Amino acid sequence: IPNNNIEIINESNGDEDDINVDRPTGVSLMGGDDGSFGPDAKVTIPIVQDDGSIKEEVYTGDQAVFMKEIQMYKDAFNGCMSLTGAIPEALFANNTKVTTFANTFKDCISLEEITIPSTVTSIGSYAFQSSGLTQITISTSVTSIGEFAFNKCGSLTKIEVVQGNPKYSDNDGVLFETATKTLIAYPIGNTRTSYTIPTGTKIIEKNAFEGSKLKTLILNSELETIRSNAFLNSAILSELHYPTKEIEYDSSIMEGCVGLRTVKIIGVGENKMTDWTSSQEQAWYEVRDKITTIIFDDNVKHVGSYAFEGTTGLTGSTSITWGGITTIGLYAFSGSGIQSVEITESITSIGTMAFGSCLSLTTVKHSIKEITTTGDVFTGSTGLNRIEFTSTTEGNMPDYTETKKPTWYSIRKQIKTCLLDLNMPNVNGFDVMDYFKEKGFFVRTPVAIISGAEDEVSLDKAKAYPI
């Protein structure tokens, strides 16, 4: 078919039942050497006439379509599922009107490669969404890329930008908007299992990692904004490294990340996590019940208020690694699934309800070091019945008053067992028991003495101790 029969193709609607036609001698058909092109046995294409009007032309059977000038409007090849192989730049060699792709190759699942012509300045929204692209090179002429242009391209392993493009660049096959330091699209067909957001990146665009195959994602310390659904349905993502800085993010950034198990908090800046409120959702809110392990690195000093509220998957005895934590915010682990928790010597302050309503919590290992609180710490943790006091290098248990109560005060009547070590630096277990007796703690609670002491005097005293 002579290539001057049709001057402009405006739009066509695709169908799964594409056809193959024999390629006429001397004519290069779209879709590669096998001549794959077009939907079914009947193609209806709106043609722009000389007077600007649009007339529908119908092509059937072996009437393949080739054109001298193409203007790629919305949906030009949308749904052409047998459009195969690579589309070369030569296809557009004389077509000066090819300036925009928008929805153009959406759902072309057999399309693997395309060289974007130098006339194209805009890759519109959904241009290649759900296509079979394995790689793509963006020319220097492209200065606009719309939303979801490469979204759901499950085979796409890298996105390359020709050096010298004034607006876009790539870093290790990932697409960025250079000036704004925005990560636009991650190629989800890439098989790497771990990815660190590059230093300097400030924004992660919406749906940028949707459906990725990553197992570990490490956020950088300069990150400022994460847009909606950024990590949507990254189902095998199991570990998230999150910095201690305030990041603005839209809702549901991790919806569908059902494999998330570990959150590691990385200390940066002041090394303090954000304090959320009861009405704010944490970055991992959508999958908080999946989290089984929380790790704070040694630089982190503060656990944010409400940070891990409702993390019902925290059930193991080693679910939390405190690192260098010194303060725990309000409701930080309220309603979590923890069964035991250790209040280490580094912790000096715990907020109200930090471990409240933890219905599976039965045991607390507690330093006798003074800890300040803003209110009841364990209220609602109705199963808590055991406290194990650990030794400290700082001497005696503090004196509590009506206004300065111990962390366990609100649930003291629930405690059924107290484990006490006789050999502690600067104070012995007998002194602690004297203090308990004087203050009326554990009046009806048995105290079990655990000691490596072998001298008969200590042993006899422990056995006869009138607490």
Side-chain angles (χ1 to χ4, degrees), residues 14-18 30-32 34 36 39 74-87 101-116 123-138 142 145-161 168 170-176 182-197 204-218 226-240 252-260 286-287:
D15 190 275
E16 291 187 7
D17 299 320
D18 295 352
M30 283 167 277
D34 64 352
S36 303
K74 182 179 178 183
D75 294 319
F77 298 97
N78 186 350
C80 293
M81 300 178 73
S82 292
L83 187 62
T84 60
I87 295 184
F101 290 160
N103 265 33
T104 309
F105 299 99
K106 184 175 182 288
D107 296 326
C108 292
I109 61 175
S110 298
L111 176 64
E112 298 176 356
E113 231 178 294
I114 185 170
T115 301
I116 297 177
I123 298 176
S125 299
Y126 306 95
F128 296 94
Q129 188 187 53
S130 301
S131 72
L133 280 179
T134 59
Q135 61 184 49
I136 189 168
T137 300
I138 298 172
V142 175
I145 298 177
E147 294 182 340
F148 313 114
F150 306 106
N151 182 244
K152 300 180 182 179
C153 292
S155 299
L156 186 61
T157 59
K158 63 179 177 179
I159 303 170
E160 294 184 333
V161 180
Y168 300 103
D170 72 88
N171 185 325
D172 199 18
V174 180
L175 179 63
F176 286 83
T182 299
L183 191 158
I184 296 175
Y186 178 89
I188 63 172
N190 194 293
T191 57
R192 62 165 69 96
T193 58
S194 178
Y195 182 70
T196 301
I197 306 297
I204 297 177
E205 192 52 87
K206 64 176 67 173
N207 296 75
F209 288 85
E210 180 180 353
S212 79
K213 299 178 178 67
L214 290 171
K215 293 183 178 179
T216 301
L217 180 63
I218 303 170
I226 304 175
R227 299 210 163 116
S228 61
N229 298 318
F231 313 112
L232 179 68
N233 294 334
S234 295
I236 64 173
L237 180 64
S238 60
E239 184 169 335
L240 174 68
S252 305
I253 62 171
M254 301 199 71
E255 184 177 352
C257 296
V258 294
L260 186 66
E286 294 289 337
V287 289

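Keep in mind that what you see is a predicted model, and the values were worked out from it rather than measured.
Put simply, the side chain of Lys213 gets close to the backbone of Ile188: a donor and an acceptor are under 3.5 Å apart. Judged purely by atom type and a 3.5 angstrom limit, Tyr168 has no side-chain atom pairing as donor or acceptor with the backbone of Ile138. Checked by atom type and distance alone, the side chain of Asp170 never pairs as donor or acceptor with a backbone atom of Leu175 at under 3.5 Å. In this structure a side-chain-to-backbone donor-acceptor pair under 3.5 Å is present from Asn190 to Arg192. Listed for the Thr157 side chain is a donor-acceptor partner under 3.5 Å among the backbone atoms of Thr134. Listed for the Ser238 side chain is a donor-acceptor partner under 3.5 Å among the backbone atoms of Lys215.
Taking 4.5 Å as the limit, some side-chain heavy atom of Met254 sits within range of a side-chain heavy atom of Leu240. Residues Leu217 and Leu237 are in side-chain contact: their nearest non-hydrogen atoms beyond the backbone lie under 4.5 Å apart. A 4.5 Å side-chain heavy-atom check between Val174 and Tyr195 finds at least one atom pair inside the cut-off. Side chains of Glu205 and Leu183 form no contact here, defined as non-hydrogen atoms less than 4.5 Å apart. Ser155 places none of its side-chain heavy atoms less than 4.5 Å from the side chain of Leu133.
No more than 12 heavy atoms of other residues, nucleotides or ligands lie within 6.0 Å of NZ in Lys158, so this atom counts as exposed by the packing criterion.
Going from atom CG of Asn207 over to atom CD of Glu147 covers 8.5 Å, rounded to the nearest 0.5 Å. Atom CG of Asn233 and atom SG of Cys257 lie 7.5 Å apart (nearest 0.5 Å). Note: Ile145 CD1 to Ser125 OG = 11.0 Å, rounded to the nearest 0.5 Å. The structure places CD of Glu286 at 4.0 Å from OG of Ser252, a figure rounded to the nearest 0.5 Å.
Between the side chains of Ser234 and Ser212, at least one donor N or O lies within less than 3.5 Å of an accepting N or O.
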| query | Taking it one step at a time, do Ile204 and Ile197 satisfy side chain to side chain contact (heavy atoms under 4.5 Å, CB included)? | reply | CA-CA 9 Å; Ile204 297 177; Ile197 306 297; 4.0 Å; yes
Show your working on side-chain hydrogen bond (donor to acceptor under 3.5 Å, both in side chains) between Asn151 and Glu210 and close with a plain yes or no. CA-CA 7 Å; Asn151 182 244; Glu210 180 180 353; 2.9 Å; yes
### Task
Check the pair Thr193 / Ile236 against side chain to side chain contact (heavy atoms under 4.5 Å, CB included), numbers first and verdict last.
CA-CA 9 Å; Thr193 58; Ile236 64 173; over 6 Å; no
Practice task
Please step through side chain to side chain contact (heavy atoms under 4.5 Å, CB included) for the pair Ile136 and Glu160, ending with a clear verdict.
Solution key: CA-CA 6 Å; Ile136 189 168; Glu160 294 184 333; over 6 Å; no
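For the residue pair Ser228 and Ile253, the shortest heavy atom distance occurs at CA-CG2, 4.4 Å. Nearest heavy atoms, Ile218 versus Ser194: CD1-OG, 4.5 Å. Between Phe148 and Gln129, the shortest heavy-atom contact is O-CB, 3.8 Å.
Screening Phe209, Phe231, Phe150 for a ring-ring contact (aromatic ring centres under 6.0 Å, His included) with Tyr186, the sole residue that qualifies is Phe209.
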